[in-house]
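If you're wondering where the values come from, they're calculated on a predicted model, not measured in any experiment. As the structure lists them, so they are numbered: ligands from 1, and atoms in each ligand from 1.
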Amino acid sequence: MTKPSRYRGRFAPSPTGPLHFGSLVTALASYLEAKSRSGRWLIRIEDLDPLREPPEATGEILNSLDAHGLFPDEPVLFQSHRHPAYHAAIEQLLDKGLAYRCSCSRKQLQAHHGRHPQRCRDGATATGQPFAIRFALQDELCHWQDQLLGPQQQTVRAEIDDPVLLRKEGFFAYQLAVVVDDIEQGITDVVRGSDQLDMTAQQIQIYRALDATPPRWLHIPVIVNEQGQKLSKQNHAPGLDNLKPVHNLFSALNALNQQPPQTLLSGSPENLLEWGCSHWKPEAIHLTSR
Ligand code: GLU
């Protein structure tokens, strides 16, 4: 009898706009990697910042994923419903002395080359001022293995790079929420765009601080437009046409250099996903851009 797979992967979009081709490629890569390993594939909506998220974007993203046959194996998780868990994690980090209050402005930090003029790390932040909560990084030359890119080495600078966990405006930050939720959802493998690559070493330290084991990571090159910019809402990447799921999935498989046969173009989204699963070769992905 084969042992049930423990693989748990996820796609975790921030709902800043509709699903565009670049996010479809990431969603598809994480889906195929999970399914080809008999794993479970989850969707998490990273709706942490209402000021950057048009209210309709979450519905649009979920509709698009449905239209492309990308159905999650468990109910969708919304970060906007997870505030108590983030509070608890911050309390835990503050108790351990691994997080601190900081009222420095970006300007002040720039003027001091990232050092905190008010010695925030020592608990010296003036009371009465609005403050953020930051994670206290440790100096480290962090080594980790990317499943596609191979050995990685990143320098983590204590104090200078300390990421915000809770912003002054009261919003929880990505660096905290992503780790807390990947732990909560038992994610073993993260497949995401390489625009997140530089975050990884800091996230490894946050995992350790929360007494958890980091997942494996596989970073895929981000899709760029003709000007070489990442497809994103800021660069006006158009939303996907949900009436053309086969065409979109076919193009996404090509963007991942999986070379699907033309005959699939007359099939259904399910046919493409099945073909993608049984022929999935992450090592074929072009590594030219990052
Ligand atoms: N929410 C992030 C984004 O949309 C992805 C985070 C991740 O996969 O770790 O870019």
Side-chain angles (χ1 to χ4, degrees), residues 7-34 39-54 57-62 64-65 70 72 76-82 86 89 135 144 146-149 152 154 163-165 167 171-207 210 212 214-224 229-235 237 239-240 252 282 285 289-290:
Y7 186 112
R8 288 172 69 81
R10 50 55 164 193
F11 172 58
S14 305
T16 51
L19 199 73
H20 54 69
F21 182 68
S23 3
L24 178 69
V25 171
T26 307
L28 182 62
S30 66
Y31 178 92
L32 294 178
E33 181 70 5
R40 289 175 87 72
W41 183 72
L42 314 184
I43 296 174
R44 183 169 72 232
I45 298 290
E46 303 213 314
D47 49 352
L48 289 172
D49 182 350
L51 303 179
R52 286 184 56 228
E53 295 158 359
T58 292
E60 289 175 348
I61 291 175
L62 294 174
S64 269
L65 291 168
L70 295 166
V76 175
L77 188 77
F78 296 87
Q79 291 195 324
S80 53
H81 300 178
R82 298 268 304 143
Y86 307 146
F135 182 73
W144 57 277
D146 189 275
Q147 300 300 300
L148 181 62
L149 307 175
Q152 301 293 307
Q154 283 167 355
V164 169
L165 304 177
R167 289 160 47 190
F171 300 136
F172 293 101
Y174 161 72
Q175 280 296 62
L176 174 78
V178 71
V179 174
V180 170
D181 287 343
D182 280 339
I183 295 171
E184 166 68 24
Q185 295 191 285
I187 299 301
T188 59
D189 291 76
V190 170
V191 176
R192 61 184 180 185
S194 54
D195 49 332
Q196 312 288 345
L197 191 66
D198 296 341
M199 307 279 187
T200 310
Q202 293 189 2
Q203 288 171 8
I204 290 173
Q205 289 206 7
I206 301 176
Y207 271 92
L210 294 172
R216 287 178 289 264
W217 279 283
L218 187 159
H219 288 86
I220 60 167
V222 294
I223 303 294
V224 294
Q229 301 161 320
K230 181 196 167 194
L231 287 191
S232 68
K233 189 168 167 261
Q234 288 76 13
N235 297 326
L240 287 169
I285 298 172
S289 57
R290 223 193 93 175

Okay, side chain of Glu53, backbone of Ser14: is any donor-acceptor separation there less than 3.5 Å? no
Please name all residues satisfying ring-ring contact (aromatic ring centres under 6.0 Å, His included) with Tyr207, sequence neighbours left out, ordered by chain then number. none
Answer yes or no: is there a donor N or O on one side and an acceptor on the other, between the side chain of Ser64 and the main chain of Ile61, under 3.5 Å? no
If the criterion is any heavy atom closer than 4.0 Å to an atom of ligand 1, which residues make the list? Arg10, Ala12, Pro13, Ser14, Glu46, Tyr174, Val178, Arg192, Gln196
Is a side-chain N or O of Asp181 found less than 3.5 angstrom from the main chain of Gln79, in a donor-acceptor match? no
d(Asp49 CG, Thr16 OG1) to nearest 0.5 Å is 9.5 Å
If the test is side chain to side chain donor-acceptor pair (under 3.5 Å), which one of Arg8, Arg10, Arg44, Arg40 qualifies with Gln185? Arg44
